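Just so it is clear, the model here is predicted, and its values are computed rather than measured.
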Amino acid sequence: TMQGEYLSEIGTRLLHENDPVLETLPLVLSGKAAVDSELDANKSAVSMRSLPLMDTNGRCGGIVLCRDVTELRRREKELQTKDATISEIHHRVKNNLQAVSALLRLQARKTKSEEVKKELKEAQRRVQTIAMVHEGLSQTADEIVDYDKVISSLLKMAVDLATMRDQHINIDFIGEFGMMPAQDATPLSLVLTELITNSVEHGFEGRKDGRITISVGRGGNNLNVVVEDDGTGLANEEHDGMARSSGSGLGTQIINTFVTNDFGGTVRWEPRHGGGTRVVLDMKLRAAQD
């Protein structure tokens with residue numbers, strides 16, 4: 001029983017050497033101030049709030065409200081462990097994908113066929129794209145990623161990889177994607193990197209400089225993305241109503257498949273006013289549909 005004892009003495013006896021102690025704990029146990037504190041001892045946690053009682057002569061006693069928060073703290077620790085595990089998984093997936101990417105790059109160097117070399121480099125770029133999304137996810141405590149940070153570095157990397165040595169191509173962003181689940185971030189990243197690579201390799205072929213603009217409009221779960229370049233335009237690239245991608249046309253297939261099947265959206269290829277190509281993507285975030 002606690003009757004007839006000092007709460008401060010009871011609290012002190014529960015603590016062990018080197019136990020962490022909040023600075024407010026002595027004030028709460030003695031009822032000297034209106035503050036909150038927490039006592040964690042013997043695998044239990046108690047949240048406490050003291051309310052000093054005053055009379056004309058000053059403090060004459062106090063009320064201490066106690067609440068058992070052991071289960072609450074246990075669940076918080078479980079969530080922290082889960083978050084750390086998810087982050088570590090993304091980090092390891094990223095490392096594994098980068099290893100695959102490096103192997104593809106080595107294979108591309110070994111082959112003597114220029115066509116095979118080009119296809120292997122494209123495969124390496126696509127694997128690297130997914131790796132960078134996982135890198136962004138490993139920095140967060142959950143499955144949500146700040147997509148603007150990920151896609152900015154990702155697309156600049158795509159431009160650098162596709163640009164010839166004497167070319168200078170700028171990429172600008174208008175609007176924000178916002179926070180996005182991994183379920184949406186990976187396929188959307190593949191779509192955008194394919195569009196950017198297509199613009200650089202075909203729209204700016206034989207040109208020293210150029211500009212790509214990505215405009216984003218997001219309303220709730222609906223996402224509208226417009227990718228424009230001031231390159232040569234659709235006149236030399238159009239084939240069956242679609243702009244050709246590099247190589248075998250796999251890039252265009254990737255764009256159409258993800259936008260149509262995964263996001264239930266549409267892709268529209270148009271001439272850009274003033275020259276160049278304009279691609280309009282209308283999508284609904286897939287994770288938000290569940």
Side-chain angles (χ1 to χ4, degrees), residues 98 101 104-105 108 114-115 117-133 135-136 146-177 185-217 223-239 242-256 258-259 267-281:
Q98 285 186 330
S101 179
L104 289 170
R105 185 168 60 251
E114 287 303 316
E115 184 177 353
K117 189 186 294 287
K118 186 175 182 180
E119 294 294 341
L120 285 171
K121 284 183 177 179
E122 286 188 9
Q124 185 256 330
R125 173 180 57 79
R126 288 168 181 137
V127 171
Q128 188 66 24
T129 294
I130 301 173
M132 286 194 71
V133 175
E135 168 67 14
D146 185 348
Y147 194 66
D148 294 285
K149 290 182 180 179
V150 172
I151 200 61
S152 176
S153 56
L154 195 58
L155 295 187
K156 285 174 182 173
M157 180 195 75
V159 169
D160 290 340
L161 288 174
T163 302
M164 302 300 288
R165 185 172 298 175
D166 57 347
Q167 279 184 316
H168 183 69
I169 298 179
N170 292 314
I171 182 167
D172 297 322
F173 293 88
I174 300 173
E176 295 182 348
F177 286 93
T186 300
L188 184 57
S189 296
L190 286 168
V191 167
L192 293 176
T193 50
E194 292 300 332
L195 283 172
I196 293 301
T197 303
N198 186 68
S199 288
V200 176
E201 293 186 347
H202 295 283
F204 300 118
E205 191 172 3
R207 290 183 47 175
K208 296 293 183 183
D209 52 42
R211 182 173 296 276
I212 299 172
T213 303
I214 299 175
S215 305
V216 185
L223 188 66
N224 173 264
V225 183
V226 179
V227 180
E228 297 177 287
D229 67 57
D230 59 357
T232 56
L234 289 170
N236 299 324
E237 295 295 326
E238 194 167 2
H239 177 67
M242 285 291 180
R244 293 197 307 270
S245 72
S246 57
S248 62
L250 179 60
T252 301
Q253 293 174 28
I254 288 173
I255 294 166
N256 290 325
F258 280 126
V259 172
V267 186
R268 199 165 71 248
W269 304 77
E270 306 170 344
R272 174 180 169 271
H273 181 69
T277 305
R278 185 172 188 265
V279 185
V280 182
L281 309 174

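- Separating the CH2 atom in Trp269 from the CD1 atom in Ile255 is a distance of 4.5 Å, to the nearest 0.5 Å.
- Atom CZ of Arg272 sits about 10.0 Å away from atom CZ of Arg278, to the nearest 0.5 Å.
- Considering CD1 of Ile212 and CD1 of Ile171, their distance stands at 5.5 Å, rounded to 0.5 Å.
- When all heavy atoms of Phe204 and Asp209 are compared, the pair lying nearest together is CD2-O, 4.1 Å.
- In terms of heavy atoms, Glu194 sits closest to Ile254 at OE2-CD1, 3.9 Å.
- Taking all atoms of both residues into account, the shortest heavy-atom contact from Val216 to Glu176 is CG1-O, 3.6 Å.
- In this structure, CG on Leu192 lies 6.5 Å from CG on Leu281, to the nearest 0.5 angstrom.
- Taking the side-chain hydrogen bond (donor to acceptor under 3.5 Å, both in side chains) definition, one finds that Ser101 meets it with Gln124, Gln128, sequence neighbours left out.
- You'll find the side chain of Ile214 stays beyond 4.5 Å of the side chain of Leu195, heavy atoms only.
- To the nearest 0.5 angstrom, Leu190 atom CG is 8.5 Å from Arg126 atom CZ.
- Looking at Thr193 and Leu155, their side chains come closer than 4.5 Å, going by heavy atoms from C-beta outward.
- Distance check: Leu223 CG to Leu188 CG gives 6.0 Å after rounding to the nearest 0.5 Å.
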When the side chains of residues 147-154 are checked against the rest of the protein, which donor-acceptor pairs come out under 3.5 Å, sequence neighbours left out?
residue : atom : partner : partner atom : Å
Tyr147  : OH   : Ser189  : N            : 3.1
Tyr147  : OH   : Ser189  : OG           : 2.9
Asp148  : OD1  : Phe177  : N            : 2.8
Asp148  : OD2  : Phe177  : N            : 3.3
Asp148  : OD2  : Gly178  : N            : 2.8
Ser153  : OG   : Lys149  : O            : 3.4
Ser153  : OG   : Val150  : O            : 3.1

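- A search for side chain to side chain contact (heavy atoms under 4.5 Å, CB included) contacts involving Ala108 returns Lys117, Leu120, Lys121, not counting sequence neighbours.
- Arg211 pairs by the salt bridge (charged side-chain N to carboxylate O under 4.0 Å, His left out) definition with Asp172, not counting sequence neighbours.
- Partners of Asn224 under the side chain to side chain contact (heavy atoms under 4.5 Å, CB included) rule, at least two apart in sequence or in another chain, are Val226, Val280, Asp282.
- Scanning all heavy atoms of the two residues, the minimum distance from Val127 to Leu104 falls at CG2-CD1, 4.0 Å.
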